[in-house]
Amino acid sequence: MGIKAIKMGVGRRIGVLVSTAVVVAVVCVAGLLAGYQASQNAALKRSTIEGTAYVFASAVADHMEDRQIYEIQSVLRSVERVPGVISVSVYDSNRRQIATLGQRAVLKQREVSTDPGFWEMMRTASIPVSVNIIKAGQPVGTLVLVTDITDLRTRFFNTLSVVFAASLVAAALGFILSVPLQRAIANPIRKLTASMLRIKENREYDTDLAAESDDETGVMVDAFNSLISDIRFRDHSLQRLAYFDPLTGLPNRTNFQRTLQEKLEASGKEGKNLGVVLFNIDAFHTFNDALGHSIGDAVLMNVAAIVKEEANDAILVARVGGDEFAVIVEEDGTGKPTEHLIARVQSAFYKPVLILDVELHVTISAGATIMPRDSDSVGDAMRHIDLASNAAKKQGAGRAAFFTPDMDDVVKRETELSQALRTAISNNELEVHYQPLYHVSTGKVTGFEALLRWTHPVSGPIPPSIFIPIAERNGLINGIGEWVMEESCRQAKAWIDEGFEPRSVAVNVSPAQMLQSGFVRKVGQCLQRTGLSPDLLCIELTESLFLGRSLASVRSVLDEVRALGVALALDDFGTGYSSLAYLSQLPFDKLKIDQSFVNGAHTSARRREMLRSIIDMAHSLGMRVVAEGAEDEGEVALLKALRADEIQGFFLSRPQKPEHIASSIAKIEAGTIKASA
Ligand code: C2E
Ligand code: MG
Ligand code: MG
């Protein structure tokens with residue numbers, strides 16, 4: 001709402017008021033005095049004239065009886081000579097005029113009988129006096145004498161003119177003298193108004209007004225200052241809440257987007273580029289779930305401090321979501337500056353974060369975009385860093401990815417697949433295949449790994465490396481994982497019931513599935529339902545289990561599983577986060593060496609030595625070693641020579657439908673597949 005234009009200010013009003021009061025006072029006092037004095041003079045004059053009239057009335061009295069007009073006229077002529085007399089008239093007792101002389105010879109009846117008031121005398125500038133003519137104690141007529149009072153009237157009106165002039169002067173003086181008062185009242189009001197307008201328009205709270213006096217206006221200014229300081233405080237608190245994250249003190253998402261918009265506009269003008277990075281703590285929810293929210297908060301604060309420290313040359317570091325931090329960095333358009341920043345931040349997390357004496361392994365994924373190369377709008381940039389960060393997470397923990405246009409399609413595809421996965425079990429689209437595990441020292445197949453297969457009704461077979469992460473991200477892994485567990489245990493038991501010798505089954509379990517409440521109980525119930533002996537079940541877990549969780553929390557679940565009599569295998573060893581300290585403290589029975597270590601190991605001395613040391617290390621920790629991905633005879637031979645306990649690979653058998661497993665086992669155990677030590 002705008003401010004109304006002021007027609008007459010408070011100051012002017014005070015001036016007018018003071019002047020009016022002065023004029024009224026002067027006019028009242030001086031006017032009354034002048035009027036009073038004039039009426040006194042008129043009364044005095046009137047009584048003098050009355051005296052004169054009586055003298056002549058008695059002179060006339062003797063001539064009234066006989067109506068001696070001539071004598072009466074002569075008396076009247078002598079009256080006329082009295083100074084100031086305008087006219088003189090004589091009336092008989094019937095009020096009939098007998099004789100008259102003077103300028104106003106014919107007098108009105110009113111002038112004869114009534115006593116005119118002050119204003120009438122002033123208006124006519126005359127005083128009429130009427131006295132009875134008494135003869136022998138009886139009234140016989142009336143004598144009316146009219147006297148001029150022009151001098152009296154002139155004096156009266158002169159006095160009134162002086163009073164008027166004096167009142168004008170007094171009004172002007174009053175106005176001038178009231179100027180300091182006008183200022184004293186109007187100035188603070190004017191300043192307050194200006195200050196309020198500044199606050200309204202520019203939110204400038206920082207100038208306190210100075211109280212110029214200690215009267216009511218001073219008190220008003222003080223009250224205003226204290227009000228403004230309250231508002232300032234509240235405004236700052238609101239600003240902080242609106243633009244900063246209370247936990248880490250970093251700018252929040254709104255602040256980030258606003259700053260990005262400003263920088264984008266500025267850099268657009270200067271032809272510069274910007275790098276925008278989204279850092280996301282891997283599996284952050286597990287800190288909260290396993291260690292409680294206060295530890296989760298402590299992790300966030302630590303991560304915020306580390307990102308801020310490492311990205312100290314960035315334009316802005318903000319917390320844009322629960323476990324998300326975003327950074328704006330100056331770019332030369334090549335992506336190198338952004339890449340360096342990401343590398344600095346990620347490598348800062350190589351060492352564990354210490355929180356309340358607990359060492360936590362935190363990794364952080366990064367998704368980045370270059371502006372304006374990839375987009376020139378903040379909305380698009382936010383979407384792009386999200387997509388890039390998801391793409392990075394899909395590669396594993398602690399990875400980074402730059403936005404590419406095909407990421408948009410990937411997201412669409414993931415949404416479609418996750419929808420289709422929801423109904424995959426009920427539509428019988430899932431099945432479990434089994435890959436034999438060859439026991440080196442006995443030459444026997446001692447078990448199988450259960451590997452899930454999904455045949456999409458339209459797209460056909462979709463590899464688990466695609467759909468398992470989608471199931472994990474979309475909360476579908478628990479249902480699917482339980483189905484695989486049930487199906488694998490049922491199948492393993494069925495083979496025994498068919499007369500095959502007991503062989504173990506290894507089931508892959510995702511960290512989210514493993515850490516859901518009731519997991520161990522469900523495994524126990526599954527074993528009971530299917531009748532499979534617990535020692536024939538092995539649960540395979542990947543190193544991502546440790547991500548964002550304390551050693552103690554992981555160990556307590558693993559101990560519970562071991563207590564069921566179920567074996568534990570650490571899968572894909574060497575691909576993710578590995579720590580000897582972890583391995584020595586966790587109850588794994590088996591270590592599964594990832595196929596990337598196995599592939600081509602027989603052709604390179606260096607890789608052979610790496611493989612050897614991993615196997616020896618696992619043995620020294622009391623674990624059996626399974627080597628994955630042996631694809632040719634040379635690899636199998638090397639693994640035997642390095643004393644791996646079990647071998648799994650396409651060279652021996654691909655994962656098979658259950659109905660084909662018997663022939664695979666037969667081939668392997670018959671030694672059809674040759675691999676000499
Ligand atoms: P994994 O547990 O490491 O399983 C071994 C993977 O290596 C399987 O891939 C298997 O087909 C493949 N493989 C075996 N021998 C060879 C070889 O000689 N050469 C090559 N190139 N590959 C070989 P698959 O079946 O595609 O499974 C991929 C991953 O998906 C598995 O890796 C596992 O992490 C996951 N997965 C499979 N089924 C399940 C499941 O039921 N639950 C969970 N949570 N994850 C599963
Ligand atoms: Mg596995
Ligand atoms: Mg594996």
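Just so you know, ligand 1 is whichever comes first in the structure, and atom 1 is the first atom listed for that ligand. As a basis for the values below, the full set of heavy atoms in this structure was taken, side chains included, without hydrogen atoms, waters or symmetry mates. Position 1 is the first residue of the sequence; numbering continues from there.
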Looking only at heavy atoms, is any part of [X] under 4.0 Å from ligand 1, and if so is it the side chain, the backbone, or both, or is it neither?
X: Gln435; value: side chain
X: Glu449; value: side chain
X: Asp572; value: side chain
X: Gln595; value: side chain
X: Leu452; value: both
X: Glu635; value: neither
X: Asn508; value: both
X: Pro655; value: side chain
X: Glu628; value: side chain

Can you check whether [X] reaches [Y] side chain to side chain, under 4.5 Å on heavy atoms?
X: Val566; Y: Leu527; value: yes
X: Arg503; Y: Ile665; value: yes
X: Tyr434; Y: Ser488; value: yes
X: Thr338; Y: Thr369; value: no
X: Val523; Y: Val561; value: no

Assess Glu628: does it contribute an N, O or S atom lying under 2.8 Å from the Mg ion (ligand 3)?
-> yes
I'd like to know if [X] pairs up with [Y] as an ion pair, taking the criterion as any Lys NZ or Arg NE/NH1/NH2 lying under 4.0 Å from an Asp or Glu carboxylate oxygen.
X: Arg473; Y: Glu414; answer: yes
X: Asp245; Y: Arg319; answer: yes
X: Arg383; Y: Asp380; answer: yes
X: Arg413; Y: Glu416; answer: yes

Cation over ring, Arg654 on Phe650, under 6.0 Å and within 45°?
-> yes
Can you report which non-hydrogen protein atom sits closest to [atom], along with the distance?
atom: atom 31 (C) of ligand 1; answer: Leu451 CD2, 4.3 Å
atom: atom 44 (N) of ligand 1; answer: Ser510 OG, 3.1 Å
atom: atom 18 (O) of ligand 1; answer: Phe650 N, 2.8 Å

Pro463 to ligand 1, any heavy atom closer than 4.0 Å = no
Taking the Mg ion (ligand 2) as the reference point, name the nearest N/O/S atom of [X].
X: Glu449; answer: OE2
X: Asp571; answer: OD2
X: Glu540; answer: OE1

Regarding His619 and Asp645, is there a side-chain donor-to-acceptor distance under 3.5 Å anywhere?
-> yes
If we ignore angles and hydrogens, is there a donor and acceptor under 3.5 Å between the side chains of Asp282 and Ser365?
-> yes
Name of the Asp572 N, O or S atom nearest the Mg ion (ligand 3)?
->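 For Asp572, the N, O or S atom at the smallest distance from the Mg ion (ligand 3) is OD1.
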Protein contact for atom 9 (O) of ligand 1 (heavy atom, distance under 4.0 Å) | no
Can an N, O or S atom be found in Asn508 less than 2.8 Å away from the Mg ion (ligand 2)?
-> yes
